[in-house]
Engineer: 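Before I ask anything, let me first share the structure, which is written out below as structure tokens.
Just so you know, these numbers use all the heavy atoms, side chains as well, and skip hydrogens, waters and symmetry mates.
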Amino acid sequence: MTDAVFSLPGAHLMLAPILLPILTAALMLVAGEKRPGTKVAMNIASTAIGLVVAVVLLLRVDRSGATGVYLAGNWPTPFGIALALDRLSALMLVLAQVVGLTTAVFSAARWHRAGVHFPPLFQLQMTGLAGAFLTADLFNLFVFFEILLAASYGLLLHGSGRARVQASLHYIAINLGASFLFLVGVALIYGVTGTLNLADIARRIPAVAAADRGLLHAGAAILAIAFLAKAAIWPLNFWLVRGYAAATPPVAGLFAIMSKVGLYALLRLWTLFFPASASESAFFGGSALVGAGMATLVFGTVGLLASQRMANLAGYALIVSSGTVLAALGFGQPTVTAGALYYLVSSTLAASAFLMLGDLVERWRNGGAISAPHDRAGDAPFLAADLEPIHGIDLDERDDIQPTGRTIPAAAVFLGLAFGGCALVIAGLPPLSGFTAKFALLSGLLNPLGMDRGITDVAGLPGVSNTPGAPQWTLLALLIASGLAGLLAFGRVGIRHFWSAQVRSVPTLRWVECLPIAALLAGCVLLTVFGGAVLGYAQATATALHQPQGYIRAVLGERPVPSPSSTSPRPPDTGPQEGNDDPARAAERREATTP
């Protein structure tokens, strides 16, 4: 455990985001189907504790600026299982816990009753997410990917129905194929480098023989395809919109972080394996990442304009987000990467909120009914009482007040404001965090090498100067066009859902449904208010990513904790004891005492 970040036993805190949810899931499974309310409380409490732990880890990493390393089996690197915590993994861990907590609270309204084992699957999903962000070797990255994917299969099917089963088949098929490619890529890279530790692979890549470099690049390309499929990059994203639209709202809200796991893996491995110091492999595949990101951005923008349903609109917004982040990462410039990280956080919060908001708006359009029986509409099955209109907390004005004009119910005001907030963030309009994110991206594209920020020692893609070239101008135009398309799409859907209906019942919402959406949008507001600090953190993260020597030294330089027997003082020698004296030790004592 690295003392620069944690002191023993504080270093064990790195295990909490992984151990806490998996132990909670085990307790829920042991408890059986009894007391569902207790499981809901455990689900929320475990995720809330995980968020607190993640925030503590982020603050410690930010304060120290170093990489914390934990040797899980106390084996020396690169042989044992190692966990590594730097600014990027801490940021993604906090983001996952925020999205997880809000969706767990939202599900407590009713969705946990739509099927069996929802809380345990939810906790297993959180285990996989935390492990993927913290692991420091390729094979365990695959293991945690499979944990979160296995849990996501069950969560996507939660609620049953034909639509969910059909969408789940596509989702499972594409992810099983991606997992197979993951293993093939890992095998090729291991065959060339002889190691699975990420830092050790990065250390050995510059010395790979010319005859083996083609295999190395092939393995990296196959691995990238697996991550691109999981990140919903065109043309491998045909499953996302339909799958997210079919999922129950809290599951879809949680899945907003899923595509970002693939982007995280790409960013982590690409900056580690192919930095400027990787000799002939420097910036391998960067142009392909830029091209794939731009193609995805175009596809998502067209999808936004073609969407009529809020669920589909949210799905295409996630595709636009993935394409934007991937294209920005491919330039290999810290200033652009910093803007991409800020944009990733902002867009994920807004998309998760919008996916849950869609359930409330659609229920309002349906006259307040929760859902139709699953055999008629393919929705989640509920008890008969659950199919009646909700009579929860009344957010409307008092009936005994006689207004002079037409009043707007408070619940409708909340829905409208939440819709407008999500639209502003996703479209990138002021004054919320979406505008700050796109401004940071545009600033980085117009100043690729960040000369005005003192970043002069990191070269980008070959041939890139501080003057924007055709790729930068193309992405800049696409970012502006996608924002305009998002504004048009959200405006049209907003008019359809809020203005076109003439006769509609007053919406009645529950606080447990409103608070998660409000919290996610409040997070976007905080990103704007503290934009300078967040962008500073993102810039420090990006700079460290594109200069990976610190990460490599931290992981490979970590040493196992000495055993107590090797550190305890030797007991004083009291001389030979009758009947139990070792001849060799007796000879040593005679030599030591002989003048």
Side-chain angles (χ1 to χ4, degrees), residues 20-51 96-130 146-165 167-168 171-172 175 243-258 311 352 355-356 358-360 363 370-371 373-374 377-387 390 392 510 512-513 515-517 520:
L20 178 62
I22 199 169
L23 291 177
T24 304
L27 289 176
M28 292 175 178
L29 291 174
V30 170
E33 295 302 315
K34 299 178 180 179
R35 298 181 180 179
T38 302
K39 290 185 179 181
V40 172
M42 292 174 62
N43 192 32
I44 296 175
S46 176
T47 313
I49 296 173
L51 175 59
Q97 296 292 340
V98 168
V99 173
L101 179 59
T102 52
T103 52
V105 173
F106 188 90
S107 68
R110 61 191 176 93
W111 288 106
H112 66 282
R113 300 194 302 271
V116 296
H117 301 312
F118 177 84
L121 289 172
F122 191 98
Q123 289 299 307
L124 289 176
Q125 179 92 8
M126 299 305 298
T127 301
L129 289 170
E146 293 309 300
I147 291 175
L148 68 90
L149 286 175
S152 69
Y153 299 155
L155 289 175
L156 186 56
L157 286 167
H158 181 72
S160 70
R162 177 180 299 177
R164 292 191 180 95
V165 172
S168 298
Y171 176 79
I172 293 172
N175 280 285
Y244 282 35
T248 59
V251 171
L254 179 62
F255 280 12
I257 192 68
M258 288 284 286
S352 180
L355 285 163
M356 291 185 288
D359 174 56
L360 306 184
R363 193 176 72 206
I370 287 183
S371 65
H374 68 285
D379 291 331
F382 291 98
L383 298 176
D386 293 329
L387 298 176
I390 290 180
R510 294 172 175 171
V512 74
E513 296 172 320
L515 286 178
I517 298 173
L520 290 172

Engineer: For Thr24 and Ser46, work out which heavy atoms get closest and say how close.
Structural biologist: OG1-OG, 3.1 Å

Engineer: Roughly how far, to the nearest 0.5 Å, is the CE atom of Met356 from the CG atom of Leu360?
Structural biologist: 9.0 Å

Engineer: Which label fits Tyr171 and Tyr153: parallel for a plane angle under 30°, tilted from 30 to 60°, or perpendicular past 60°?
Structural biologist: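 Because their plane-to-plane angle is over 60°, the rings of Tyr171 and Tyr153 count as perpendicular.
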
Engineer: Should Gln97 and Leu129 count as side-chain neighbours, where that means a heavy-atom distance under 4.5 Å?
Structural biologist: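 Not touching, per the 4.5 Å side-chain cut-off.
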
Engineer: For the residue pair Ile147 and Ile22, establish whether any side-chain heavy-atom pair is separated by less than 4.5 Å.
Structural biologist: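 No, side chains not in contact.
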
Engineer: Provide the closest heavy-atom pair for Asn43 versus Pro119 in the form atom of the first, atom of the second, distance.
Structural biologist: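 Taking Asn43 first and Pro119 second, the nearest heavy atoms are OD1-O, 3.9 Å.
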
Engineer: Heavy atoms, side chains only, cut-off 4.5 Å: are Met126 and Leu20 in contact?
Structural biologist: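 No, side chains not in contact.
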
Engineer: Are any non-hydrogen side-chain atoms of Leu355 and Ser352 less than 4.5 angstrom apart?
Structural biologist: no

Engineer: Using 0.5 Å steps for rounding, measure from the CG atom of Leu121 to the CG atom of Leu156.
Structural biologist: 11.5 Å

Engineer: Within this structure, what is the OG-CG distance for the pair Ser107 and Leu254, rounded to the nearest 0.5 Å?
Structural biologist: 9.5 Å

Engineer: Closest heavy-atom contact between Val99 and Thr102?
Structural biologist: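 Reported closest heavy-atom pair: O-OG1, 2.9 Å.
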
Engineer: Kindly compute the distance separating CG (Leu27) from CG (Leu23), expressed to the nearest 0.5 Å.
Structural biologist: 7.0 Å

Engineer: So among Asp359, Leu515, Val512, Leu101, which one has a side chain to side chain contact (heavy atoms under 4.5 Å, CB included) with Phe106?
Structural biologist: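 With Phe106 as partner, side chain to side chain contact (heavy atoms under 4.5 Å, CB included) holds for just one option, Asp359.
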
Engineer: Find out whether Ser152 and Met258 are in side-chain contact, i.e. whether some heavy atom of one side chain is under 4.5 Å from a heavy atom of the other.
Structural biologist: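 Ser152 vs Met258: side chains touch.
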
Engineer: Met28 versus Thr38: any side-chain heavy-atom pair under 4.5 Å?
Structural biologist: no

Engineer: For side chain to side chain contact (heavy atoms under 4.5 Å, CB included), just list the numbers for Phe122 and Lys39, CA-CA rounded to whole Å, side-chain angles, deciding distance to a tenth of an Å, and then say yes or no.
Structural biologist: CA-CA 11 Å; Phe122 191 98; Lys39 290 185 179 181; over 6 Å; no

Engineer: Can you give me the closest heavy-atom contact between Gly100 and Thr47, atom names plus distance?
Structural biologist: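 Nearest pair, atom of Gly100 first, then Thr47: C-CG2, 3.6 Å.
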
Engineer: Can you tell me how far CG of Leu29 sits from CG of Leu124, rounded to the nearest 0.5 angstrom?
Structural biologist: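 Taking CG in Leu124 and CG in Leu29, the distance rounds to 7.0 Å.
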
